[in-house]
Structure formats: C-alpha cells, structure tokens
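Notes follow the structure.
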Amino acid sequence: MTIAVDAERLALEIEELAAFSDAEPPAVTRVVFSDQDLRARAWLKARCAQAGLTIREDAVGNTFVRWKGLQPDLPAVATGSHIDAIPHAGKFDGVVGVLGGLEAIRALQQSDFRPERSIELIQFTAEEPTRFGVGCIGSRLLCGVLGPEADEKLSGDDGETLRTVRTRAGFSGGLASVRLSRSHYAAFVELHIEQGPILEREGIPIGIVTNIAAPASLFVIFEGQGGHAGGVLMPDRHDALCAAAELITRIESLAKNTGSTDTVATVGICEVHPGAINSIPSRVRLGVDLRDTDGERRDEVLRGTMAAVREIAQMRKLQIETRMLNADEPAISAPEIVAIIERACEQESLKSRRIVARAYHDSSFMAQIAPMAMIFIPCRGGVSHRPDEYAAPEDIVAGVRVLAHTLADLSRAH
Ligand code: HGY
Ligand code: MN
Ligand code: MN
C-alpha cells in the first residue's frame with residue numbers, strides 16, 4: 001500500500017498551529033480553554049472538516065474526528081494527542097500526534113485503502129497540568145479515572161472551577177457523558193516526540209513504547225512565622241523557605257537512591273510569600289512531581305517525602321500541609337500493537353527500538369479502556385517543554401508513515 005504523506009502541508013500546519021500562542025515565538029504557550037486554545041481548536045476543526053471527516057466534541061472539549069469505516073458499527077481504531085502547551089514550551093509536544101494523526105488519515109484516504117473499522121483522531125483536553133494542577137483531564141474523564149466530581153473538585157490558582165471554565169469555553173453537559181466504555185475502541189495508538197535523548201543518540205528514527213512511567217504530584221505548603229530580616233535572630237526563626245529548601249534536597253536524595261535511574265523527582269513550583277528581600281518567608285508552596293516506571297518504587301519516594309515533611313515540621317516547629325493531586329499507575333503497552341508497529345517499521349525499512357516513555361501521555365489513561373501503544377520520534381537533544389524543542393521534518397514524516405500503516409492494519413476487522 002503506497003502511503004503518500006504531504007510533508008510540506010504538514011510542516012505548514014505545524015507552523016500555523018504554533019502561531020496560536022500567548023508567548024513570543026519560538027516559544028509556544030497555549031493553556032487549555034484560553035482564547036488561543038479556542039482559536040487553535042477552531043482552526044484544527046476546520047482542517048479536519050476539509051478532509052471530509054466528521055467531528056464531535058464532548059462535554060469537556062475532547063474532540064473526535066472520525067473517518068467512517070466500511071463496518072462503522074465495529075469498535076473504531078483511535079489515535080490522537082493534545083494541542084495544549086505549558087508556558088514557554090515548544091511547537092511539537094502533542095501537536096505531532098494530532099496533526100500527524102490527521103495526516104496519516106489523509107494519506108490513507110489518498111491511497112486505495114478503505115478501513116473496515118472507523119479510524120478516529122482524538123484531540124484531548126488539558127493534557128498539561130498548567131490550568132488545573134492535574135494533567136490528562138480529558139483522557140482521565142474518558143476512561144473514568146476522574147468522574148463528574150472533577151467539575152467542582154478541579155480549580156485553577158484563580159479559584160475558577162473546571163465547570164466554570166469549560167462552560168465559558170462553550171462545553172456544557174454533564175461530565176458523566178464523557179466516559180467511554182472499554183469496548184468503545186479496538187485500539188489506541190499515539191504518535192509523540194520522545195522528550196528524551198535516546199533515539200537521537202542511537203540514530204534510530206522510531207521508538208516503540210513498551211511502558212509509560214507513572215506520575216504522582218502534590219503541593220506542599222509551609223506556614224512559618226515570618227518577620228523582619230534584621231530583627232529576628234537565627235535561633236528564633238521559623239523560616240518557611242529554609243524548611244522548603246531542606247525538603248527539596250531530601251526529595252532529590254530519595255529519588256537518587258532508589259537503585260534505579262527510572263525514578264525521577266522534580267520540584268517545579270516554589271512560591272514564596274511575602275517575597276520581600278528583607279522579610280523572612282512566612283509561607284511557601286512547593287509543587288512536587290515524582291515518577292517511575294515502577295509504581296511501588298515511586299510510592300517509596302512518596303512515603304519518604306511524607307516522612308521528611310513530618311521530621312522537618314517537628315524540627316523547625318512550623319506547620320506543613322501536603323495536598324495530593326494525583327498518583328497514577330504505570331501504563332503497559334499491548335504487545336500485539338507493539339508487534340504491529342514493528343511490522344510497520346519493517347514495511348518502511350525503518351530501524352526501531354523498544355523504549356520507555358518517561359513523560360506521561362493521554363495514552364497512560366487510554367490504556368485503561370483499550371489496547372494501547374505509542375510511536376516515538378526523536379527530538380533534538382531530547383529537549384522538550386522549551387522553546388527550542390525541535391523534531392526534524394523527515395522524522396515526523398517517518399512517524400506518520402508508521403502510524404498510517406499501523407492504523408490501516410488495526411482497522412481491518414479480522
Ligand atoms: O508532564 C508530562 O509528562 C507531560 O508532558 N504532560
Ligand atoms: Mn508536555
Ligand atoms: Mn505531550
């Protein structure tokens with residue numbers, strides 16, 4: 001089967017989508033339900049409509065773009081990813097899976113291939129945690145890890161709830177209607193940049209994900225006494241930032257000492273109040289992100305973190321509160337889909353290797369309702385979540401070609 005990918009059109013579309021941003025190029029900021037996100041969604045739907053595909057949006061804004069198969073009553077085959085972007089990110093994270101998925105469908109439409117199962121592209125809402133503190137809200141609701149309570153439970157730093165924000169963005173209806181059954185899809189495959197250095201370092205164009213690391217995240221709030229930077233002597237202080245600093249280095253050492261490099265820990269948020277140079281910090285909020293391919297090893301770091309919180313609170317005589325945001329299970333790819341992707345790579349005479357996904361993805365949750373696997377392509381220097389994130393056009397096209405073969409294979413009703 002000849003797969004004709006329109007590389008030029010795809011490259012142009014990636015640039016066009018990147019322009020819907022609240023940051024100066026080459027950075028991209030596109031927070032879910034922001035005006036730029038809504039403009040990007042409208043642009044994407046217009047591109048999908050031009051391809052003659054049917055479009056449905058659910059109550060949280062997940063967007064479903066379907067190429068109807070010859071046997072439309074069979075469970076469809078799905079692909080997809082996200083278009084929201086954290087502040088000052090790049091233009092490829094998530095986008096390669098959405099626009100690459102659209103291009104894979106268009107390439108199959110151009111060939112003489114007709115799918116028996118429908119093929120559906122999904123653009124998931126809020127893969128990034130920026131707006132509501134938790135990532136993958138759209139796919140969590142799809143698979144039932146999150147339920148209708150999320151409407152009031154999830155809110156941004158501005159206090160606005162998910163319900164308020166999604167309704168204002170034009171997505172109404174009960175969140176219970178977002179949930180899909182385990183038989184809704186026959187398979188789910190996501191194309192994504194690796195967001196790591198391995199494929200580029202080894203000169204391999206395709207990574208086939210075997211498992212996705214499990215994220216856990218929490219806020220830690222330190223309440224100290226504050227006071228005048230000159231007037232309060234050291235023995236009398238209950239400095240919230242010094243306590244936070246101690247916890248940060250304890251978390252780092254816990255992650256470094258699990259015996260595996262698959263364990264990672266990051267404190268990506270540190271808010272200091274009142275934030276004056278001559279005032280002892282009275283309140284600090286840390287945002288902590290812990291991950292591992294092994295859920296139990298990740299939880300060991302989480303337990304160690306909680307023990308350190310108790311010790312530091314006691315030693316420094318201040319209040320420390322922890323607020324769990326999420327603690328998810330690692331996802332395992334379906335071996336039969338891994339094998340199909342490997343076959344697709346052979347058809348394209350592309351070298352591939354199996355690989356672990358260290359970032360989380362919507363696939364992490366789609367794995368709970370359908371056999372899942374991911375296709376990775378290299379990104380320069382392994383860099384992501386930065387304006388200099390870059391994937392070469394030839395690597396994107398290779399990923400789209402492998403995805404197209406995989407979707408075609410999966411869409412046969414056998
Ligand atoms: O944080 C992640 O792993 C993903 O990029 N949201
Ligand atoms: Mn990301
Ligand atoms: Mn992503």
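Just so you know, ligand 1 is whichever comes first in the structure, and atom 1 is the first atom listed for that ligand. Everything quoted here is computed from the prediction, not taken from an experiment.
Remark: Arg380 pairs with no residue by the salt bridge (Lys or Arg N to Asp or Glu O under 4.0 Å) rule, at least two apart or across chains. Remark: Gln368 pairs with Cys143, Val145, Phe365 by the side-chain contact (heavy atoms from CB on, under 4.5 Å) rule, at least two apart or across chains.
Protein N/O/S atoms found under 2.8 Å from the Mn ion (ligand 3): His82 NE2, Asp93 OD1, His192 NE2.
Side-chain contact annotation: Trp67 with Glu120, donor-acceptor N/O pair under 3.5 Å absent. For the 3.5 Å distance criterion, the side chains of Ser21 and Gln36 fail to qualify, holding no donor opposite an acceptor.
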Check each N or O atom of ligand 1 against all protein N or O atoms and list the pairs under 3.5 Å, with atom names and distances to 0.1 Å, one per line.
residue	atom	partner	partner atom	Å
ligand 1	1 (O)	Arg291	NH2	2.8
ligand 1	3 (O)	Arg291	NH1	2.6
ligand 1	3 (O)	Arg291	NH2	3.3
ligand 1	3 (O)	Tyr360	N	2.9
ligand 1	5 (O)	His385	NE2	3.1
ligand 1	6 (N)	Glu127	OE1	3.1
ligand 1	6 (N)	Glu127	OE2	3.1
ligand 1	6 (N)	Glu128	OE1	2.8

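When the N, O or S atoms of His385 are ranked by distance to the Mn ion (ligand 2), NE2 comes first.
With values rounded to the nearest 0.5 angstrom, Gln123 atom CD is found 12.0 Å from Leu102 atom CG.
Side-chain rings of Tyr185 and Phe64 stay apart, their centers remaining 6.0 Å or farther from each other. No close placement of the His273 and Phe222 rings is indicated, their centers lying 6.0 Å or farther apart.
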* To do: Step by step, work out the side chain to side chain donor-acceptor pair (under 3.5 Å) result for Asp362 and Ser139.
  => CA-CA 6 Å; Asp362 291 304; Ser139 47; 2.6 Å; yes
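The shortest distance between side-chain heavy atoms of Ile3 and Ser111 does not fall below 4.5 Å.
Remark: Arg285 qualifies as a cation-pi partner of Phe219 under the 6.0 Å distance and 45° angle criteria applied to the six-membered ring.
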